[in-house]
Amino acid sequence: MDTTAHWVAATREDGENVGHLEPLDEDFELVQPRSLLGHPVGGPTDYCAAEERLVERGIGELAGLWTLDAGTAQALHRVGIVELSRDGIVVADALLTKALSPTARHRIPWPDLEGRLRPED
């Protein structure tokens with residue numbers, strides 16, 4: 001089952017998608033704002049407040065460094081997001097990617113509801 005089928009894109013005035021609103025009831029009176037990665041952004045709130053929260057937050061976090069599978073033996077540190085779509089989230093070593101050097105790419109499902117990606121400290 002597609003858990004994102006009823007999510008609504010939240011967009012800025014220029015049309016840029018800044019996240020999604022997940023309805024928690026049939027009337028969209030209570031929604032969970034979610035980042036572009038699908039991570040919760042704060043707690044549930046009304047539609048307008050959730051949309052405003054996402055617009056204010058923007059998309060800057062996508063340019064940051066991430067850890068994939070933190071706390072596991074397979075954890076990959078200092079990865080960057082190189083692709084983000086409904087087909088998945090692709091990450092790779094951030095420094096090697098910036099240097100245009102070959103590096104392994106890792107794809108995880110979108111949205112990242114399991115929280116496999118975490119911002120680097």
Side-chain angles (χ1 to χ4, degrees):
M1 181 177 152
D2 182 4
T3 59
T4 65
H6 298 293
W7 289 15
V8 175
T11 57
R12 297 188 307 212
E13 288 181 10
D14 64 2
E16 182 72 37
N17 186 352
V18 293
H20 302 277
L21 303 171
E22 174 190 10
L24 301 179
D25 58 28
E26 287 184 18
D27 298 327
F28 285 76
E29 289 184 22
L30 187 63
V31 297
Q32 173 62 60
R34 293 190 172 272
S35 71
L36 288 172
L37 299 174
H39 299 158
V41 177
T45 189
D46 69 83
Y47 191 97
C48 290
E51 187 174 41
E52 186 176 306
R53 187 182 302 167
L54 292 173
V55 168
E56 286 176 4
R57 180 186 171 110
I59 61 172
E61 74 175 347
L62 297 180
L65 296 175
W66 297 84
T67 297
L68 176 62
D69 295 330
T72 70
Q74 298 82 22
L76 298 174
H77 299 279
R78 302 185 60 78
V79 297
I81 297 169
V82 296
E83 182 181 326
L84 173 61
S85 72
R86 289 190 175 268
D87 293 330
I89 304 165
V90 179
V91 298
D93 181 286
L95 295 177
L96 292 176
T97 300
K98 285 184 181 186
L100 302 177
S101 297
T103 184
R105 292 177 176 231
H106 307 274
R107 179 180 297 273
I108 64 170
W110 180 90
D112 179 26
L113 297 178
E114 296 176 14
R116 294 185 62 193
L117 282 174
R118 295 188 190 156
E120 284 275 326
D121 297 330

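- One finds the CG atom of Leu37 at 5.5 Å from the CG atom of Leu62 (value rounded to the nearest 0.5 Å).
- No path of Ile, Leu, Val, Met, Phe, Trp and Tyr side chains, each step under 4.5 Å between heavy atoms, connects Trp66 with Val82, placing them in separate hydrophobic clusters.
- Rounded to the nearest 0.5 Å, atoms CD (Glu51) and CG (Leu21) are 6.0 Å apart.
- In Arg53, the CZ atom is crowded: over 12 heavy atoms of neighbouring residues, nucleotides or ligands sit closer than 6.0 Å.
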Derivation and outcome, side chain to side chain contact (heavy atoms under 4.5 Å, CB included), residues Thr67 and Val79: CA-CA 6 Å; Thr67 297; Val79 297; over 6 Å; no

Item checked: Steps toward side chain to side chain contact (heavy atoms under 4.5 Å, CB included) verdict (Asp27, Tyr47) -> CA-CA 10 Å; Asp27 298 327; Tyr47 191 97; over 6 Å; no

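- Enclosure of atom CZ in Arg78 is not indicated, since only 12 or fewer non-hydrogen atoms of other residues, nucleotides or ligands lie within 6.0 angstrom.
- The minimum heavy-atom distance linking Ala75 with Gly71 is given by the pair CB-N, 4.4 Å.
- Atom OG of Ser35 sits about 5.0 Å away from atom CD of Glu61, to the nearest 0.5 Å.
- We find the CD-OG1 distance between Gln32 and Thr45 to be 9.5 Å, quoted to the nearest 0.5 Å.
- Nearest heavy atoms, Val55 versus Thr11: CG2-O, 3.9 Å.
- Here the shortest heavy-atom pairing between Pro23 and Val31 reads CA-CG1, 3.9 Å.
- Following chains of ILVMFWY side-chain contacts shorter than 4.5 Å, one can reach Ile59 starting from Ile89, so the two form part of one hydrophobic cluster.
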Quiz prompt | Check against side chain to side chain contact (heavy atoms under 4.5 Å, CB included), Glu22 and Phe28 | solution = CA-CA 8 Å; Glu22 174 190 10; Phe28 285 76; over 6 Å; no

Exercise for the section: Mind running side chain to side chain contact (heavy atoms under 4.5 Å, CB included) on His20 and Leu54 for me, showing each step along the way? Expected result: CA-CA 8 Å; His20 302 277; Leu54 292 173; 5.7 Å; no

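- Here Leu30 pairs with Leu24, Asp25, Pro44 under the side-chain contact (heavy atoms from CB on, under 4.5 Å) rule; sequence neighbours left out.
- Judged by distance alone, with hydrogens and angles left aside, the side-chain atoms of Asp69 form no donor-acceptor pair with the main-chain N or O of Thr72 at under 3.5 Å.
- Judged as a salt bridge (Lys or Arg N to Asp or Glu O under 4.0 Å), and not counting sequence neighbours, Glu120 has no contacts.
- To the nearest 0.5 Å, atoms CG (Leu76) and CG (Leu68) are separated by 5.0 Å.
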Can you give the donor-acceptor pairs under 3.5 Å from side chains of residues 104-113 to other protein atoms, not counting sequence neighbours?
| unit_1 | atom_1 | unit_2 | atom_2 | d |
| --- | --- | --- | --- | --- |
| Arg107 | NH1 | Asp87 | O | 3.3 |
| Trp110 | NE1 | Leu36 | O | 2.7 |
| Asp112 | OD1 | Gly115 | N | 3.2 |
| Asp112 | OD1 | Arg116 | N | 2.8 |
| Asp112 | OD2 | His39 | NE2 | 2.7 |
| Asp112 | OD2 | Arg116 | N | 3.1 |
| Asp112 | OD2 | Leu117 | N | 2.9 |

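- Between the CZ atom in Arg12 and the CD atom in Glu56 there is a gap of 13.0 Å [rounded to 0.5 Å].
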